Each structure stands twice: as structure tokens, then as C-alpha cells.
Amino acid sequence: MADSAQAQKLVYLVTGGCGFLGEHVVRMLLQREPRLGELRVFDLHLGPWLEELKTGPVRVTAIQGDVTQAHEVAAAVAGAHVVIHTAGLVDVFGRASPKTIHEVNVQGTRNVIEACVQTGTRFLVYTSSMEVVGPNTKGHPFYRGNEDTPYEAVHRHPYPCSKALAEWLVLEANGRKVCGGLPLVTCALRPTGIYGEGHQIMRDFYRQGLRLGGRLFRAIPASVEHGRVYVGNVAWMHVLAARELERRAALMGGQVYFCYDGSPYKSYEDFNMEFLGPCGLRLVGARPLVPYWLLVFLAALNVLLQWLLRPLLLYAPLLNPYTLAVANTTFTVSTDKAQRHFGYEPLFSWEDSRTRTILWVQATGGSAQ
Ligand SMILES: NC(=O)c1ccc[n+]([C@@H]2O[C@H](COP(=O)([O-])OP(=O)(O)OC[C@H]3O[C@@H](n4cnc5c(N)ncnc54)[C@H](O)[C@@H]3O)[C@@H](O)[C@H]2O)c1
Ligand SMILES: CC(C)CCC[C@@H](C)[C@H]1CC[C@H]2[C@@H]3[C@H](O)C=C4C[C@@H](O)CC[C@]4(C)[C@H]3CC[C@]12C
């Protein structure tokens, strides 16, 4: 990946390239990575939109595969210069078993690392999560913290457990010798709650609001800050990190970076209203309409119902003790580490991010897409 006068064309692999974030990373690479020669998009489920990308100047290779299958990963990684590993099972609702979450997020990541080592790929960017840090099970606030802010990270839920372990594997692999003898360079990006075009939960809230006659009911105090970041900026941070990993290997190798931008600090629900408000919804109540103890009770009831109904159907509502704790615990970041280490500046302003998201909710919110 040297800065040769010939400007060598590079092969990138994006795992999970058809997911919410992955699609934005794929499109961002095509738009903003001038050295891109081939883009491999690896996913369990390939999106039909990939077809339109195949007509452009960069070779786009769609690979249907499973990160839990080491041989499939190795075949996809072979010959790639850079891997952006964003594939993951994002499940905090109890849809998948803890074993499956572990297999995809931890074993999948292990397979990606081993494939890099075996095939000689030197640069690996991993999509981690803020949940590697918190909120913790004790409900301690993390108020505009940075990568060095002390925090008691205690995980019990399978999803943050798996992300924390996978992140550790990626960072620990930094410096391992890959085939050919050169060192592997890795880093991990930790987005807070991502929003933007393609965000399923935002659309679910919109549809729920429509069903409730254009209203949503406040459940969480407005004073609880929940970190959010625009998907386009998260994608841009991945592209920049991947680009700079070689030149700044000594500085960036083995490092973690929170993903941040100019999105305002707000509660989860007030933040959603920045988009759902202009789409015609209103958030009822200046304070939570139901007492917290009742939410705790309902969350626990949902766990019981999920367990009782499991033989018959999958009952996986948004509210459970874990999602309640995440939504009800202040967790926001304030950092410039990515700016200092690899020159990251958000590509999209808050106004831009907001407008793009509103247009997307309006366009697809009511449809089945
Ligand atoms: N959405 C968020 O708010 C958020 C926040 C922080 C971190 N993250 C992380 O970002 C990454 C992407 O999340 P997302 O929100 O785009 O989720 P997503 O579910 O939309 O995308 C994940 C993609 O991974 C693919 N995938 C799942 N299992 C796979 C397997 N076994 N083999 C190959 N591909 C597989 C899925 O098909 C999907 O396309 C994840 O690693 C997630 O942990 C997400
Ligand atoms: C209590 C209810 C009224 C509201 C429930 C909202 C709940 C479903 C939301 C709130 C916060 C959301 C998480 C947060 O934005 C960050 C992440 C990190 C990421 O790695 C995966 C997604 C996740 C867990 C969001 C899931 C949905 C949550 C819990």
C-alpha cells in the first residue's frame, strides 16, 4: 500500500457491507477513496442495490458468505489490502440466542483476523460499539467522556459481551506478523447510537407513532443524554481510518476511537423527535408519562413472556431490562482523538444529517421497504 507514483489500486473488503452501516461504508468508499481498485462486499444477505454499483469504474464484487465460516472468510480476504469488518449480529432484544451472537460477533471476528494473518492482509478496521464501555449494569452515567475517561465497564448482556471480546481480539492482533512477515495493523471504531437513512428502529418508532394517531409518549426523562452519531459520518470515519492506517501505523495501530460528530446531546426520545417531529409526530409529556418502576416491571414482564412464548413464537419487544437501562442511562462522548490521530472531521453537518434523515423517514417510513 505504498505511496508509489503509480498510485497503486487497492482491494478493499467490507464485511456486513449490505447492512445499515455497511451500505453507507460501501457507498462512501466508492465516492471518496480514490485508490480503490476493487471493492468486495461480503454479507450473509446481499442487497439488490449492489447491482447498480457494478456498472461504475471500480470493480464491485458481491460475495454471499458467513463470517462464522472460516474458509469463506479466508477466500474473501485473500488478496485484499484492507478489511473493514462491520458484519455483526446487532441484537439486544433476545431475537437470537447468546450462542449465535457469540458465534457471529466473536468467532466471526476471530475468523477475519486469522484470514488476514494467513493471506497477508495488513490493515483491519473493526466496527466496535460504545457498548464495549457502557452503559454498565450499575447505571453509572458516562457524561461526554472520551477514550481515556475511567468507567467501570461491566457486561452481562450477550451483545455488549460479544462486542467487547471481539474488540479485544482485534486490538490484541495488532502487530501480529501476517503471511509475508509484515505486521498487522488494526484499530477499532466505537459508534454511539447510529441514526440516518436505513435506521430500522427509527422507522419502527415512526410507524408506531402513526398507529397511535401521530403521538409518541415520553418514557425517559429529557435530562438523560444518549449519544448519537450520523451514519454518513460513521462511514466516513471508517474510510479515513482505513486510508490512514498504513501511514500512521505506529500511532493508530491497536487504538480505539469513539465515533462522533456535531449531533446534539439529547435524550433518546427527544433526539428521535428531531426527525419524527417534522414528519408529523409529537412527543406527549414534558416528563415520563409512566413511573419508572412500572417500566421496570413491564420490562421484566416482557422477559417472562419472551421465555414463556418461545416454544410458540418469537416475542421480542423493544422494551426489556437491558434496553431500558441503555435508554435510561446517560452515555455521551466528547472527544477529538480521531481528529488528532487521523484528521477526521465530520463530513456531514448536523443540519445536513438531520435533513437527510427526515427525507428518508418521509420517503420510506410509511412503506414496506
Ligand atoms: N446500529 C448502531 O447503532 C450501532 C452502534 C454501534 C455499533 N454498531 C455496529 O456496527 C455494525 C453494523 O451494525 P448495523 O447497525 O449496520 O447492523 P445491521 O444488522 O444493519 O448490519 C449488519 C450486517 O452484518 C451482516 N451479517 C450478520 N451476520 C453475518 C454473518 N454471519 N456473516 C456475514 N454477514 C453477517 C448482516 O446481514 C447485515 O447486513 C455492527 O458490528 C454493530 O455491532 C452498530
Ligand atoms: C425504553 C423505551 C421507551 C425506549 C427503547 C429504546 C431502545 C430500543 C433503544 C435506546 C438506545 C438504543 C441503543 C443505543 O442507541 C446504542 C446501541 C449500540 C449498538 O452497538 C447497537 C444498538 C444499540 C444497542 C441501540 C439499540 C436500541 C436502543 C436500546
Side-chain angles (χ1 to χ4, degrees), residues 14-26 41-47 50 63-69 72-73 76 84-93 95-96 100-101 103-109 111-112 125-135 157 159-160 162-164 166-167 170 188-196 198-202 204-205 208 216-221 224 226-231 234-235 238 258-259 267-269 271-272 283 288-290 292 295-296 298-299 302 316-329 331-332:
V14 180
T15 71
C18 293
F20 166 42
L21 172 61
E23 179 177 346
H24 284 267
V25 172
V26 163
V41 183
F42 181 97
D43 205 298
L44 204 50
H45 308 288
L46 296 176
L50 275 176
I63 308 169
Q64 196 272 323
D66 184 343
V67 287
T68 68
Q69 302 303 310
E72 294 182 12
V73 178
I84 298 181
H85 176 41
T86 202
L89 190 45
V90 185
D91 180 21
V92 291
F93 307 111
R95 291 181 188 135
T100 308
I101 293 174
E103 270 168 15
V104 175
N105 293 351
V106 181
Q107 189 55 42
T109 301
N111 290 341
V112 169
V125 176
Y126 174 61
T127 313
S128 182
S129 168
M130 76 177 201
E131 296 202 40
V132 162
V133 182
H157 193 279
Y159 174 75
S162 69
K163 294 300 285 186
E167 183 190 272
V170 167
L189 306 187
R190 294 171 171 170
T192 52
I194 307 174
Y195 70 93
H199 186 211
Q200 299 300 326
I201 300 177
M202 180 82 73
D204 292 348
F205 274 108
Q208 192 184 343
L216 287 168
F217 299 95
R218 187 186 293 281
I220 304 296
V224 176
H226 185 77
R228 304 293 284 270
V229 61
Y230 176 61
V231 66
V234 180
H238 280 71
F258 278 123
C259 294
S267 75
Y268 187 76
E269 290 166 311
F271 191 85
N272 284 354
L283 183 62
L289 292 184
V290 284
Y292 186 64
L295 282 180
V296 172
L298 291 173
N302 279 340
L318 287 186
L319 181 66
N320 64 46
Y322 181 73
T323 58
L324 180 58
V326 175
N328 198 50
T329 306
F331 198 100
T332 44

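Atoms within each ligand, like the ligands themselves, are counted from 1 in listed order. Note that the structure is predicted; figures quoted are calculated from it, not measured.
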For ligand 2, run through the N/O pairs with the protein that fall under 3.5 Å and put one pair on each line.
unit_1   : atom_1 : unit_2 : atom_2 : d
ligand 2 : 15 (O) : His226 : NE2    : 2.7
ligand 2 : 20 (O) : Ser129 : OG     : 2.7
ligand 2 : 20 (O) : Tyr159 : OH     : 2.6

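For the pair Glu269 and Leu283, the minimum side-chain heavy-atom distance is below 4.5 Å. The shortest side-chain heavy-atom distance between Asn105 and Lys163 falls under the 4.5 Å cut-off. In this structure, the side chains of Leu44 and Asp66 come closer than 4.5 Å at one or more pairs of heavy atoms. Under the 4.5 Å side-chain criterion, counting only non-hydrogen atoms from C-beta, Met130 is in contact with Pro135.
Not a single salt bridge (charged side-chain N to carboxylate O under 4.0 Å, His left out) links Glu72 to another residue, sequence neighbours left out. Partners of Asp43 by side chain to side chain donor-acceptor pair (under 3.5 Å), not counting sequence neighbours: none found.
Taking a heavy-atom cut-off of under 4.0 Å, ligand 1 is surrounded by Gly16, Cys18, Gly19, Phe20, Leu21, Asp43, Leu44, His45, Gly65, Asp66, Val67, Thr86, Ala87, Gly88, Val90, Val104, Thr127, Ser128, Ser129, Tyr159, Lys163, Pro191, Thr192, Gly193, Ile194.
Under the 3.5 Å distance criterion, with hydrogens and angles disregarded, a donor-acceptor pair is assigned to the side chains of Asn111 and Gln107.
Nearest approach of Val234 to Cys259, heavy atoms of both residues: CG1-SG, 4.1 Å.
Using the six-membered ring where Trp is involved, His199 and Phe20 have ring planes that are parallel, under 30° apart on the 30 and 60° scheme.
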